[in-house]
Amino acid sequence: MTIISKTKYEASMENATRKKLATIAEKAAEFPFHGYIEGKESNLDPIIQFFPKWTPREADGLWCAAFVYYCCRQAGFEIPIRPDECKTCHLAGCIAWEEFTQGDIRLEYHKGEEGFIPEVGDIVIYDKVFENQEHDHIGIVIENRENTILAAEGNINNKSGIIERQKDEHIRAYIRIPDGYKY
């Protein structure tokens with residue numbers, strides 16, 4: 001009988017779960033990551049490392065989706081920075097997460113008003129949170145409450161943090177990545 005050992009990559013993919021994603025996102029949000037604030041230099045290098053053409057100065061104030069991507073990678077989900085389904089931009093943009101999800105049938109996409117019950121580790125896309133635009137923010141659900149969610153987010157006033165948000169018209173959609181997902 002031959003025993004085949006798993007590679008480090010295969011083992012990390014087996015362990016890629018939404019629960020792990022939520023735990024990593026919560027810790028990353030509490031770290032906190034930040035852009036150029038209060039006279040401090042940006043500490044976004046670990047987050048933007050996946051996007052080689054992006055500098056900390058260019059990412060400053062625009063890194064919420066890159067935060068989500070960073071957390072997904074840290075949790076073991078192997079997703080390219082620009083999957084084929086992304087037509088507008090790479091996954092440092094909120095709209096790209098929606099394009100990616102709607103183009104890959106293995107991922108779940110649920111409109112905010114559908115009555116979907118979010119779970120720990122789901123990704124949430126918002127409309128009109130910071131700007132009067134669709135797809136203007138994104139985070140990771142760390143707790144579902146009756147009328148609110150608790151989310152780990154990047155770029156809340158240029159810092160990462162945990163925030164309670166109402167389940168209202170600002171929630172555009174939820175994305176559910178299946179445990180063990182690999183592109």
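Atom set for the values below is all heavy atoms of this structure, side chains included, hydrogens, waters and symmetry mates excluded.
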What one should report as the nearest heavy-atom pair of D122 and E119 is OD2-N, 2.8 Å
Can you list every pair that meets ring-ring contact (aromatic ring centres under 6.0 Å, His included) and has a residue in residues 142-178, with sequence neighbours left out?
-> F116-Y174
Are I171 and P118 close enough that some pair of their side-chain heavy atoms sits under 4.5 Å apart?
-> no
For K111, does the NZ atom have more than 12 heavy-atom neighbours from other residues, nucleotides or ligands under 6.0 Å away?
-> yes
Below 3.5 Å, can you tabulate the donor-acceptor pairs from side chains in residues 24-35 to any protein atom, sequence neighbours excluded?
none

side-chain hydrogen bond (donor to acceptor under 3.5 Å, both in side chains) partners of E108, counting only residues at least two apart | H110
Which ILVMFWY residues can you reach from L150 by hopping between side chains whose heavy atoms are under 4.5 Å apart?
-> I142, I162
Residue pairs meeting side-chain hydrogen bond (donor to acceptor under 3.5 Å, both in side chains), one or both in residues 141-152, sequence neighbours left out, come to E143-R145, N144-K167, R145-E164, T148-E164
Give the cluster check for I95 versus I123: same hydrophobic cluster or not, with ILVMFWY residues linked at side-chain heavy-atom distances below 4.5 Å.
-> no
Just jot down the side-chain hydrogen bond (donor to acceptor under 3.5 Å, both in side chains) partners of E131, sequence neighbours excluded, or say none.
-> Q133
Quick one: list whatever passes side chain to side chain contact (heavy atoms under 4.5 Å, CB included) with I163, sequence neighbours left out.
-> E153, I156, R165
Quick one: CD on Q74 to CG on L21, what's the gap to the nearest 0.5 Å?
-> 10.5 Å
Could you tell me which non-hydrogen atom of P178 sits nearest to which non-hydrogen atom of L107, and how far apart they are?
-> CD-CD2, 3.7 Å
side-chain hydrogen bond (donor to acceptor under 3.5 Å, both in side chains) involving E58 - partner list, sequence neighbours excluded = T55
Where do D179 and R18 land on the salt bridge (charged side-chain N to carboxylate O under 4.0 Å, His left out) test, with the steps shown first?
-> CA-CA 6 Å; D179 290 347; R18 288 187 311 281; 3.6 Å; yes
Quick one: side-chain hydrogen bond (donor to acceptor under 3.5 Å, both in side chains) pairs with a partner in residues 82-107, sequence neighbours left out?
-> E85-Y183, T88-E99, E98-Y109, E98-H135, E98-R172, D104-R106, D104-Y181, R106-Y181
Side-chain cluster (under 4.5 Å, hydrophobic types only) that Y36 belongs to, other residues | none
Listed by chain and number, what are the ring pair (Phe, Tyr, Trp, His ring centres under 6.0 Å) partners of Y126, not counting sequence neighbours?
-> H137
Quick one: side-chain hydrogen bond (donor to acceptor under 3.5 Å, both in side chains) partners of N43, sequence neighbours excluded?
-> none
